[in-house]
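Order of the sequence lines fixes the chain letters, A, B, ..., with proteins taken first and strands second; residue numbering starts at 1 for each chain.
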Number of protein chains: 2
Amino acid sequence: MTAKLASAKSLIDAANPLDPATLADLPPRERILIASRELFYQQGIHPVGVEAIAEAALTNKMTLYRHFKSKDELIVAHCTQLAAEGDAVWDRINADNPNDPEKRLTAWVNHVEDVVTNRFERGCALANAAVELQPHHPARVVIETYKARKRDQLVKLFRAAHYKKPEMTADEVFLLFEGARISIQCGGKQMALRVVKMLRDLLANAPRKTPVEKR
Amino acid sequence: MTAKLASAKSLIDAANPLDPATLADLPPRERILIASRELFYQQGIHPVGVEAIAEAALTNKMTLYRHFKSKDELIVAHCTQLAAEGDAVWDRINADNPNDPEKRLTAWVNHVEDVVTNRFERGCALANAAVELQPHHPARVVIETYKARKRDQLVKLFRAAHYKKPEMTADEVFLLFEGARISIQCGGKQMALRVVKMLRDLLANAPRKTPVEKR
DNA sequence: AGATGATGTTACCGATCGGTACCTATAGCG
DNA sequence: CGCTATAGGTACCGATCGGTAACATCATCT
């Protein structure tokens, strides 16, 4: 058990989502999506068969195909679910820090710290899916619009915080985060951890229109 | 044809590597590795069968298995080849700019510009492979040592150029590049292009031990 | 010419894949 | 009770996968 327990309030539940007790009372479609998220993330999309997903979801292949016309459609639903969860994290950051771009930014960095330290040993599930899926796969547009939305949200936040170059700063922050998550899988766990300090330095030192009072 | 022709001297040949005339006089093992590089990059590793590789290499499955004991061993050789090619690019940058860390840095950024603009629509082939392969796959260590070597080479270069924080600056540059390449596949082509300006700004503005004269 | 080793060709194996047909069991509801 | 819709179970299909056996072909070297 390397992860510190209760290190910081996390924005994502960490209980084993494949625990039978956790799944028991959920409808089949939700169980299938939970199982997909777990298996796809751990093993990738192509190596995981629909039968394995059905078993992990405590059901069978026929029920799976009653809810999803094909594996490709399941993949789209899976990516849509991941995007919705990412949006929910962002919404919660905003709701917890109403009308305060400054605190929202630091809350987002804290979330990044949580992500690269305690969770997601295989990086960003949506980026991984984009790597595995051909450019014409219908799930790709879900991923691309999600990533574009994340970047735009960061731009607006930096603009609200009166940074001089909100687009530029958002792009830097965005790319550093993406780079850190892909590097986790390329052995750069230590480097991925250093991204948190980089982000905090960047937020503190990037030029602003009006200087911010020290806290 | 969007790519500018002869935009800048590229460090990588761009001729179609699967052209029969290109392959004709090469020994089977090299043809197989060339075909693997192309097919694995365009379609990913898992979706590409050994038969398809053999056909693209103008040979057959038996000859492939005479040179590689298994598909996994071929994958390892494929990743080793990619790492060697990446090292060759770096060596050439160094050889073209002897004993001049400053010019080496700008040459490296020019290479990055070439990569994100004219080539590699599917990002870094080694990072993609890491995404597809399970953590225990023997090719993963090849990828991880390569990525660590790249980062260390950047650190040494920034140290030679008398940057105040060579590790920190190298990490930033490395993560920005990695983030840009993974973002290419997530629809962020435009953002990936902006990474060049970020890198040039970063090189120009990161603190140094001794200021550099204007050119 | 003869021998040798690498390569090309075809056919095949067992396993697994995505997807479907068919039937049973169960739960809600009148 | 009986009706209906959903879910579980089993068996199966055609296609493809990684990998192998056996044989034909070819170039090379002595």
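Contact annotation: B/Arg66 side-chain N/O to C/dT9 OP1/OP2 distance is not under 4.0 Å.
Within a 6.0 Å sphere centred on CG of B/Asn99, other residues, nucleotides and ligands contribute 12 heavy atoms or fewer.
In this view, B/Arg159 and B/Glu167 satisfy the side-chain hydrogen bond (donor to acceptor under 3.5 Å, both in side chains) rule, not counting sequence neighbours.
Residues B/Gly123 and B/Tyr41 approach most closely at O-OH, 2.7 Å, considering heavy atoms. Nearest approach of A/Gln42 to A/Arg122, heavy atoms of both residues: O-NE, 3.5 Å.
Between the base of C/dG19 and the side chain of A/Lys61 there is a donor-acceptor pair shorter than 3.5 Å.
At distances below 3.5 Å, not a single donor-acceptor pair connects side-chain atoms of B/Lys156 with backbone N or O atoms of B/Pro166.
Look at CZ on B/Arg31: it is 9 Å from P on C/dT7, rounded to the nearest Å. The CD-P distance, from B/Glu51 to C/dA11, rounds to 12 Å in whole Å. A straight line from CG of A/Asn60 to C1' of C/dT24 spans 12 Å, rounded to a whole angstrom.
For the residue pair B/Asn128 / B/Gln185, a side-chain donor-acceptor distance below 3.5 Å is found, with atom types taken as modelled.
As judged by a 4.0 angstrom heavy-atom cut-off over every strand, A/His67 is placed among residues touching the sugar-phosphate backbone only.
Using a 4.0 Å cutoff to heavy atoms of chain B, the contacted part of DNA chain D runs 5' to 3' from D/dG18 to D/dA22.
Residue whose closest nucleotide on DNA chain D sits further toward the 5' end, between B/Ser70 and A/Met62: A/Met62.
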